Structures are given as C-alpha cells and as structure tokens.
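Below is one structure; the comments refer to it alone.
Bear in mind that the values here come from a model prediction, so they are computed numbers and not experimental data.
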There are 2 protein chains.
Amino acid sequence: MDAVARFPGTREQLLVAARERFAAHGFAGTSLSDIAHDVGIRRPSLLHHFPSKEALYRAVLLDEFTDWISLVDQAKRGPREGWPRAEAILLATFTFFEEHSALVRIFRWEALEGGPILREELAQVLHPLFERAVAFLEREMDAGRLQRHDARNLVLTGYGAILSYFSDAPLITALVEEDPLGPAELRRRRRHVIDFFREALVP
Amino acid sequence: MDAVARFPGTREQLLVAARERFAAHGFAGTSLSDIAHDVGIRRPSLLHHFPSKEALYRAVLLDEFTDWISLVDQAKRGPREGWPRAEAILLATFTFFEEHSALVRIFRWEALEGGPILREELAQVLHPLFERAVAFLEREMDAGRLQRHDARNLVLTGYGAILSYFSDAPLITALVEEDPLGPAELRRRRRHVIDFFREALVP
DNA sequence: CGTTGACTACCTACGGGTAGGTAGATAGCC
DNA sequence: GGCTATCTACCTACCCGTAGGTAGTCAACG
C-alpha cells in the first residue's frame with residue numbers, strides 16, 4: 001500500500017536527513033553513513049530504502065521540485081500584468097526560497113559541482129520557467145507597463161538577488177552584525193529587493 | 001631566496017593548476033593527485049613543495065587576494081562621487097571577476113562548504129571592503145547624489161548581480177543559447193548591470 | 001489453530017576503490 | 001659532500017555498494 005502519510009516512516013526521515021546533509025555539504029561531500037546515522041540506522045539499511053546514493057539524491061530533489069511547481073501554479077493567481085504582477089512574483093519567489101533554503105543551497109551545489117542531476121537535467125526543468133519569465137517581461141515592456149531592460153539578464157539578476165542572499169547567508173553573517181536569516185533582516189532584505197526592482201522597473 | 005619570477009617553476013605551475021582545480025571542484029572535490037598530474041609530477045612531489053593540501057589551498061587564495069587588493073587600490077583613482085563613481089566601481093568589479101573567474105568560484109565554494117579558510121577568516125578580509133562600500137553609498141545618499149536605498153543590502157545585491165552570473169555560468173549555459181562567458185554575452189551582461197543600477201540609483 | 005513461507009527492516013562483514021600523508025631511495029647540481 | 005627535487009612503495013582512513021544472516025510480521029493453508 002501507500003507507505004506515505006504514516007507517522008514519520010524511516011523513508012521519510014531519511015529524505016529529510018538527506019536533504020539537510022546534501023544542502024550543507026553537497027552530493028560528493030555527504031556520506032550515506034552520516035545520513036543513516038542521523039536517522040539511527042546503519043548505512044546498508046539506508047540502501048534497503050534507496051537503491052543508491054544517487055537515487056536518494058534524486059528523490060530529495062523530486063520532493064523539492066514538487067513544492068516548486070506548486071509555487072508556479074499558485075503564481076497564476078494574483079495580478080495579471082505590470083509591476084503588480086512582477087512584485088507578486090518576486091515576493092512569492094522570495095518567500096518560497098525563504099522556506100526552502102535547502103533547495104537554494106542544493107541549486108548552488110549543482111551549479112558549482114554539477115551533481116548527478118547534471119546541470120543539463122536541472123536546466124531542463126528551469127528552462128521553461130526561465131522562458132516564461134522572459135516572455136512576461138518582454139510583453140510588459142513592449143506594452144510600456146515596465147521600463148525596458150534586457151529581459152534575460154533581468155531574470156538572472158532577479159534570481160541572483162534572491163538566491164545569493166540565502167546561499168551566501170553564512171558568509172554574510174560575518175559581514176553584518178545581525179543574523180541575515182533572522183526575521184528582522186529577512187523583512188529588510190525582502191523590502192530592499194522589492195524597492196530596488198520597483199525603482200528600476202516602474203516607468 | 002625568492003623563488004618567484006623564474007621561468008614557470010614547479011611551485012608556480014602547481015599554484016596555477018591548483019587554482020583551476022579548486023575553482024572547478026572545490027576543496028573537498030579536488031585531489032592532490034590530479035593537481036600533481038596536471039604539472040607532470042607525482043603526488044608526493046607536490047607535497048614536497050606544499051606541506052599539506054590545506055597549505056596549498058591557502059597559498060592559492062593568498063595569490064588571488066593580492067590581485068584583489070590591487071583592484072581596490074586602483075579604484076581610488078577615477079571619479080570621486082555620485083553615480084560616476086558607483087559606475088566605475090561596478091565596472092572595475094565586473095572586469096576584475098571576469099578576469100579572475102576562478103576566484104568567483106572559490107568564493108562560492110567557500111560560502112557553501114566552508115572550506116579550510118573558514119568563512120570567518122574570509123569574512124575578515126571582506127569586512128573592511130564591505131564597510132567602505134556601505135559608507136560610500138550612505139554618504140552619497142545623504143548628499144542626494146544617489147537615490148536612497150538600504151545601503152548594506154544594496155552592496156549585497158551588487159555583488160550578487162556580478163558574482164552569480166560568473167559562478168552560475170555553467171547552469172546559465174543550458175538556459176540560453178549563447179555562451180554566457182563569450183565576449184558578446186559578457187558585454188551584454190555588463191551593460192545590463194550598469195543600466196539596471198543606474199535606473200535604480202540615479203535620482 | 002498452528003505451521004509454513006514470503007516479506008520487511010535491520011544488522012555485521014567484506015570487497016574494491018580513492019583519498020592524504022610518510023619513509024626511504026635515487027639522481028642531479030652547486 | 002650536501003642539498004634539492006623527484007620517485008616508488010607503503011600506511012591509515014574513508015567511501016559506496018554487496019553478500020549473507022537475523023529478527024519480527026502477516027497472510028495463506030492444511
């Protein structure tokens with residue numbers, strides 16, 4: 001039967017532990033023993049639930065992507081055009097990554113080391129999202145509802161402004177006094193991103 | 001005596017090879033055998049020049065930091081205030097990282113995996129640069145020569161806009177058709193960053 | 001009702017590979 | 001002779017994955 005939605009079955013515990021380990025140390029830097037130990041079993045027992053390290057990794061990413069897709073669907077509601085829509089997308093993206101910081105770090109690991117979900121494979125998922133964002137921006141710029149910019153680079157800048165903050169948080173901690181992931185600093189960052197893009201985008 | 005500035009001594013060859021390897025695969029993902037092989041010697045011979053893997057890594061970063069400091073000194077020339085100065089700094093930073101893409105990737109690795117040069121240690125170098133940038137921005141905003149923004153977050157956004165592009169280039173490759181590090185795309189990115197920040201910063 | 005057989009989840013032990021680091025020998029150069 | 005740079009051979013530690021064994025559960029069947 002469906003083994004999901006029981007208490008926290010071993011398999012689900014393993015997925016959570018693996019997500020945190022992969023996010024913290026990347027694919028190559030994570031050992032199956034550590035993950036198994038987090039859950040309180042031995043490594044071979046882990047391999048009873050997932051046939052290989054790579055399979056476990058893919059399962060983790062599949063979980064995260066599911067949440068990601070739900071965000072995209074959710075973004076279909078809300079304002080339809082102009083800056084209000086751009087703002088809504090920025091806000092939703094910020095909030096999503098705020099709540100899925102592990103995904104941010106896994107993305108960065110993938111981009112850097114090219115994990116088993118090779119860059120190409122990951123890019124296949126990101127490509128349509130990227131194209132949709134570019135199309136939206138170009139349409140709004142053509143209509144004069146947004147200031148004209150290089151749409152492709154604009155999307156990259158937007159993602160970078162959000163992703164970098166979360167992925168570089170450990171480094172930023174040593175740069176500023178407050179915890180960059182604390183509620184006050186997160187609010188401050190969110191407002192900055194919105195204000196900054198509005199200043200550049202609203203005609 | 002000073003062993004530098006000979007032809008390309010083995011030590012210097014090792015530093016270059018190590019820089020590329022560490023940038024490509026991070027500290028943990030790089031093996032000394034690979035570095036030694038790049039130079040044409042065996043691993044124990046490498047350890048004759050550098051007592052440990054960590055020592056080699058630190059030597060690489062020291063080299064890069066030297067170039068970085070020279071950039072900061074160089075930035076003291078040029079415009080003194082307002083958007084022209086901000087633009088000059090952005091341009092110099094962009095050009096520097098364009099020419100030191102290995103450093104970009106090593107930075108990202110450090111932020112992610114917390115390499116042997118612990119984040120704190122790296123942050124000690126970055127902290128004064130960060131504070132100086134914040135002070136400049138706040139002074140210019142107070143004087144009304146730049147649009148008001150959250151100075152600290154503005155610096156982070158600026159660095160993110162430049163660093164992310166270079167460090168994520170492998171991923172971006174699969175997102176757009178052209179090579180993001182080719183001359184045309186680099187020119188395009190540079191112009192976008194400048195335009196975007198001018199739009200948000202010029203009063 | 002009791003026994004058998006399949007299944008699940010875990011274990012210990014091992015094999016094959018790779019990592020960083022060390023010891024000691026060798027060859028060339030001042 | 002002494003110093004430098006390199007080598008081969010070795011060590012320990014860790015990795016992933018597999019083999020084989022052991023409890024416990026649960027359903028089917030005589």
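Note: B:L71 CG to B:T66 OG1 = 13.0 Å, rounded to the nearest 0.5 Å.
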Enumerate donor-acceptor pairs with a distance under 3.5 Å from any side-chain N or O in residues 192-199 of chain B to protein atoms, sequence neighbours excluded.
residue : atom : partner : partner atom : Å
B:H192  : NE2  : A:N153  : O            : 3.4
B:H192  : NE2  : A:T157  : OG1          : 2.8
B:D195  : OD1  : B:R198  : NH2          : 2.6
B:E199  : OE2  : A:Q147  : NE2          : 3.0

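By the 4.0 Å N-to-carboxylate-O rule, A:R189 lies too far from A:E185 to be salt-bridged with it. Ionic pairing of A:D150 and B:R188 is present here: one or more N-O contacts between side-chain nitrogen and carboxylate oxygen are shorter than 4.0 angstrom. One finds no salt bridge joining B:R19 and B:D63 here, because no Lys/Arg side-chain nitrogen approaches an Asp/Glu carboxylate oxygen to under 4.0 Å. A salt bridge between A:R105 and A:E20 is absent, with no side-chain N of the basic residue lying under 4.0 Å from a carboxylate O of the acidic one.
Across its full length, the helix from C:dC1-D:dG30 to C:dC30-D:dG1 shows an angle of 20° between the axes of its 5 terminal pairs at either end, rounded to 10 degrees.
The stretch residues 125-140 of chain A participates, sequence neighbours left out, in these side-chain hydrogen bond (donor to acceptor under 3.5 Å, both in side chains) pairs: A:E140-A:R145.
In the 5' to 3' direction, nucleotides of DNA chain D lying under 4.0 Å from heavy atoms of chain B begin and end at D:dA5 to D:dA9.
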Review point. Please walk me through it: do A:W68 and A:F97 pass ring-ring contact (aromatic ring centres under 6.0 Å, His included)?
Key: CA-CA 9 Å; A:W68 171 280; A:F97 284 119; 5.2 Å; yes

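If you check residues 36-46 of chain A against DNA chain C, the residues with a heavy atom closer than 4.0 Å are A:I41, A:R42, A:P44, A:S45, listed by number.
Scanning for ring-ring contact (aromatic ring centres under 6.0 Å, His included) contacts around A:H100 gives A:F96, with sequence neighbours left out.
By the 6.0 Å and 45° rule, A:R85 stacks over the aromatic ring of A:F136.
Residue-level contact check: A:L47 touches the bases, meaning some heavy atom is under 4.0 Å from a base atom.
B:F22 has its CZ atom 13 Å from the C1' atom of C:dA19, to the nearest Å.
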